[in-house]
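Taking it in order: structure first as structure tokens, then the write-up.
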There are 2 protein chains.
Amino acid sequence: MPQNDDQMTADAQISRIKPGRRTEIRRENERVILDAAEKVFAEAGFGGATMQLIADMAGLPKANLHYYFATKEDLYRKVVQQIFEIWLDAAMQFDDAPGPVEGLGGYIDAKMDISRTHPYGSKVWASEVMHGAPVIQDYLETTLRDWTDGRIAAIQRWIDQGKMRPVDPRHLLYMLWATTQHYADFGHQIQTLNDGKPLTDRQWAAAKASVKDLVLRGIGAI
Amino acid sequence: MPQNDDQMTADAQISRIKPGRRTEIRRENERVILDAAEKVFAEAGFGGATMQLIADMAGLPKANLHYYFATKEDLYRKVVQQIFEIWLDAAMQFDDAPGPVEGLGGYIDAKMDISRTHPYGSKVWASEVMHGAPVIQDYLETTLRDWTDGRIAAIQRWIDQGKMRPVDPRHLLYMLWATTQHYADFGHQIQTLNDGKPLTDRQWAAAKASVKDLVLRGIGAI
DNA sequence: CTTGCAGTTGACCATACGGTCAGGAAATGA
DNA sequence: TCATTTCCTGACCGTATGGTCAACTGCAAG
């Protein structure tokens, strides 16, 4: 979002905004390309995606993509990294929560929201992992592993404090990931089973409520 | 690698077995090709898979694949259909079960077993759905929809009979699919978080037990 | 205005891919 | 044995893809 402090009639003055025209162009184009790439990679897979398709969707000549991103792999890598960061941000919900109802409930809410707002990203992530994580293996082994260990400890603490039943924290986490991401990754199947129509706001709310209810009852936190 | 199953010794005698040599050759080769294709499609996606790769994995010349399967799409379609049938067979567990503990518990067991024995098939299915189900859309709209409606009715019956809490049967089904298939589709991630080693028999048993426990407690059937 | 650099793009290239085909090998039936 | 059908496969082809490049445009500093 560019800041338009004084929106005057002539754009000659407006063009002289803070971040500099050059940087602005670069940022905007990278944004457009990354968004197009995310969608195409999600819908066609890495192998099925073509630079031409991404270029068409971004409304730019193919050669221009290669000016901003050296190779197809490079572009793909940036897309996956971007998703990973969004995905990790949702994990914040977990921290400084007094108990499982707030911690896990908030985490489910956040992840369900991401499944709705970033379905393409979730699919790219899923596809990447399914293919053996060729470009994010190091993330899995460092960041994700550390994060997972930390949350398992947090859950174990809640168990020790008697705030929930003694369930295996690891498999509980897997269930959260699987269930919340399912609404993005298998969104097409869900839509087909919903008479071909996307879930309404009300249906999304019901989905969130169902997931939270099932999980929180399952761990005996309600 | 040329096929040299039985060299000169038993060749003449054994070749006169029941189903006819021709049919036998055809069946065996189709089997080998389908298995190789399932693995390659799962690991590389439809777009990333090449007929040459599948041929190499099957130990046959590429032209031979096109003798048995006209096009790449045709081969892919057969792979997906094969998976769909295995997947539907597991659904039998659901039928004529007196209550949710046997019905849902048995279904979870069956689907977890499939996730372990047919991880490639599960991934191909997931990939197909994520890409908008270009070749199995009709299956989703007919067979899968009918099956889903039937199971929802069965679950609702259990609810009406007071055998479980009143949860939304549809979202419960989604949770079962998501959770069980996660162990196949995200198997690489799970393995990475398990110190890079595949789950042992004991760990798989623990996973099954955790999933069943969480779900059956969640629906109040235990 | 001049110079220089970031951004833009049509045309082009080497490669790899899905698919074809002709002709040979092996099995089957009479 | 011979004729016919099925099976096998190296060589080949048109196309599409990722990537390159040289020429061009336009912004911005001196």
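Labels below follow one simple rule: chain letters A, B, ... track the order of the sequence lines, proteins then strands, and each chain is numbered from 1.
- Distance CD (E28(B)) to C1' (dC7(D)): 15 Å, rounded to an integer number of Å.
- Nucleic acid contact class of F69(A) (heavy atoms, under 4.0 Å, all strands): none.
- Distances shown here put every side-chain N or O of R26(B) at or beyond 4.0 Å from the OP1 or OP2 atom of dT6(D).
- In this structure, I25(B) places its CD1 atom 11 Å from P of dA26(C), rounding to the nearest Å.
- Applying the side-chain hydrogen bond (donor to acceptor under 3.5 Å, both in side chains) rule to pairs touching residues 109-120 of chain B yields D109(B)-K212(B), K111(B)-Q181(B), D113(B)-K208(B), R116(B)-D201(B), sequence neighbours excluded.
- Between the C1' atom of dT15(C) and the CD atom of Q52(B) lies a distance of 14 Å, rounded to the nearest Å.
- Less than 4.0 Å separates DNA chain C from no heavy atom of any residue of residues 33-44 of chain A.
- Remark: the D168(B) side chain and the S210(A) side chain contain no N/O donor-acceptor pair separated by less than 3.5 Å.
- Applying the ring pair (Phe, Tyr, Trp, His ring centres under 6.0 Å) definition to pairs two or more places apart or across chains, none involves residues 187-210 of chain A.
- Atom OH in Y76(A) sits roughly 15 Å away from atom P in dG18(D) (whole-Å rounding).
- Under the rule for a salt bridge (Lys or Arg N to Asp or Glu O under 4.0 Å), D89(B) has no partner lying at least two apart in sequence or in another chain.
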Review item, side-chain donor-acceptor pairs of residues 31-46 of chain B, under 3.5 Å, at least two apart:
| residue | atom | partner | partner atom | Å |
| --- | --- | --- | --- | --- |
| R31(B) | NH2 | D35(B) | OD1 | 3.2 |
| R31(B) | NH2 | Q82(B) | OE1 | 3.0 |
| E38(B) | OE1 | Q82(B) | NE2 | 3.3 |

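- Under the side-chain hydrogen bond (donor to acceptor under 3.5 Å, both in side chains) criterion, N64(B) pairs with no residue, sequence neighbours left out.
- Nucleic acid contact class of A55(B) (heavy atoms, under 4.0 Å, all strands): none.
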Which atom pairs link the protein and nucleotides 19-23 of chain D when you take only N or O atoms and keep those under 3.5 Å?
| residue | atom | partner | partner atom | Å |
| --- | --- | --- | --- | --- |
| dG19(D) | OP2 | K72(A) | N | 2.7 |
| dG19(D) | N7 | K62(A) | NZ | 3.1 |
| dG19(D) | O6 | K62(A) | NZ | 2.7 |

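- Using a 4.0 Å cut-off, no side-chain N or O of N64(B) falls inside it from OP1 or OP2 of dG10(D).
- Within the structure, salt bridge (Lys or Arg N to Asp or Glu O under 4.0 Å) contacts touching residues 121-138 of chain A (residues at least two apart or in different chains) do not occur.
- Following rounding to the nearest Å, L65(B) (CG) and dG10(D) (C1') show an atom-to-atom distance of 15 Å.
- Here H171(B) pairs with Y183(A), Y174(B) under the ring-ring contact (aromatic ring centres under 6.0 Å, His included) rule; sequence neighbours left out.
- There is a side-chain donor-acceptor pair under 3.5 Å between E141(B) and Q137(B).
- Between R27(B) atom CZ and dT6(D) atom P the separation is 18 Å, expressed in whole Å.
- Separating the CD atom of E30(B) from the P atom of dT6(D) is a distance of 14 Å, rounded to the nearest angstrom.
- As a whole-Å value, the separation of Y68(A) OH from dG18(D) P is 20 Å.
- Mapping T50(A) and Y67(B) onto DNA chain D by nearest heavy atom places Y67(B) at the nucleotide closer to the 5' end.
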